[in-house]
Amino acid sequence: MRLTTLLSILLAPLSAVAVPTPTTTTSLSSRFPPTNVRSAKTWVVTPPPCVAMSPPPSERETRERFDKFAQALIYQRNLTKAFAYISASYVNHDPAITTNGPDAALDALSTFWNFTTITPIRQTFKVDQGWLNYKASGMGVIVDRFRFEAGCIVEHWDAGQVYPRTRVGRQDKK
């Protein structure tokens, strides 16, 4: 009996620590069950930004990097792998995404990318820029243009883009 009383006295302060205390901030995810849109973001791991290569890669090597980026983004639908080619100084000219940097673009894409049907049409790379042309369910035909610098994607355009005229050959992949 003395042991029980002694343990009660010793353990009483610990029970105060275990009681949850109110906080001034609350998490929406703790108040509402996750939706498909919010849970989609958990499927994407944010990769570290692409580090500029020194010396810069040749045009052929940059084209190969663009091909790997396109493969990850369009065919494998792996945003984590694709965004490993995006620079921290990434400028997005998409009017719907008002903040530059890879995080804003990744946040926007991660809400719908895995739920969108993508039909690749073609891709092209010229000098330091690559174009992806594909059909996306609910959005129609898309032309994305990406500019590379030192092996990393530093700029992106999609609003009003037109696929460039190219000669049929190794630059134009279907």
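Only this structure's heavy atoms are used, side chains among them; waters, hydrogens and symmetry mates stay out. Small disclaimer: the values here were computed from a predicted structure and weren't measured. Note that the numbering runs from 1 along the sequence shown for the chain.
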Under 3.5 Å, is there a donor-acceptor pair between the [X] and [Y] side chains?
{"X": "Asp94", "Y": "His156", "value": "no"}
{"X": "Thr124", "Y": "Tyr163", "value": "yes"}
{"X": "Gln71", "Y": "Asn78", "value": "no"}

Just verifying a value: how many Å separate [X] [atom1] and [Y] [atom2], rounded to the nearest 0.5 Å?
{"X": "Ile97", "Y": "Asp107", "atom1": "CD1", "atom2": "CG", "result": "9.0 Å"}
{"X": "Thr116", "Y": "Tyr134", "atom1": "OG1", "atom2": "OH", "result": "9.0 Å"}
{"X": "Ile142", "Y": "Thr119", "atom1": "CD1", "atom2": "OG1", "result": "11.5 Å"}
{"X": "Thr98", "Y": "Asn92", "atom1": "OG1", "atom2": "CG", "result": "10.0 Å"}
{"X": "Trp131", "Y": "Lys126", "atom1": "CH2", "atom2": "NZ", "result": "6.0 Å"}

Item to check | Qualifying disulfide bond (SG atoms under 2.5 Å apart) pairs with a residue from residues 80-153, counting only residues at least two apart or across chains | outcome: Cys50-Cys152
Just wondering, do [Y] and [X] contact through their side chains at under 4.5 Å, heavy atoms?
{"X": "Ile118", "Y": "Arg77", "value": "yes"}
{"X": "Phe148", "Y": "Arg63", "value": "no"}
{"X": "Phe66", "Y": "Gln123", "value": "yes"}
{"X": "Ile74", "Y": "Leu132", "value": "yes"}
{"X": "Asp103", "Y": "Thr46", "value": "yes"}
{"X": "Val91", "Y": "His93", "value": "yes"}

Checklist entry - Side-chain heavy atoms under 4.5 angstrom apart, residues restricted to Ile, Leu, Val, Met, Phe, Trp, Tyr: same cluster for Phe146 and Trp157? => result no
Next on the checklist: In this structure, would Leu106 and Met139 fall into the same cluster of hydrophobic residues linked by side-chain contacts under 4.5 Å?
Outcome noted: yes
Next on the checklist: I'd like to know if the side chain of Ser87 and the backbone of Ile153 have a donor-acceptor N/O pair within less than 3.5 Å.
Outcome noted: no
Next on the checklist: With a 3.5 Å distance limit and no angle check, can you tell me whether Arg145 reaches the backbone of Asp158 through a side-chain donor-acceptor pair?
Outcome noted: no
Next on the checklist: Check this for me: does any side-chain nitrogen of one of Arg147 and Glu149 sit under 4.0 Å from a carboxylate oxygen of the other?
Outcome noted: yes
Next on the checklist: What I want to find out is whether Glu64 reaches Arg60 closely enough, with some N-O distance under 4.0 Å, to be called a salt bridge.
Outcome noted: yes
To check you understand the geometry: which heavy-atom pair defines the closest contact between [X] and [Y], and what is its length?
{"X": "Thr99", "Y": "Ala104", "answer": "O-CB, 3.4 Å"}
{"X": "Pro47", "Y": "Ala84", "answer": "CG-N, 3.7 Å"}
{"X": "Ile86", "Y": "Pro102", "answer": "CG2-CB, 3.6 Å"}
{"X": "Phe115", "Y": "Thr111", "answer": "CD1-O, 4.0 Å"}
{"X": "Tyr90", "Y": "Ala105", "answer": "CE2-CB, 3.8 Å"}

Checklist entry - Quick one: does NZ or CZ of Arg65 land under 6.0 Å from the six-membered ring centre of Tyr85, within 45 degrees of the ring axis? => result no
Item to check | Check against side chain to side chain contact (heavy atoms under 4.5 Å, CB included), Asn133 and Val141 | outcome: CA-CA 7 Å; Asn133 187 202; Val141 175; 3.5 Å; yes
Checklist entry - Going through the checks in order, is the side chain to side chain contact (heavy atoms under 4.5 Å, CB included) test met by Gln161 and Asp144? => result CA-CA 7 Å; Gln161 291 300 299; Asp144 281 316; over 6 Å; no
Next on the checklist: Between Leu79 and Leu73, is the side chain to side chain contact (heavy atoms under 4.5 Å, CB included) condition met? List the steps.
Outcome noted: CA-CA 6 Å; Leu79 291 175; Leu73 184 69; 3.7 Å; yes
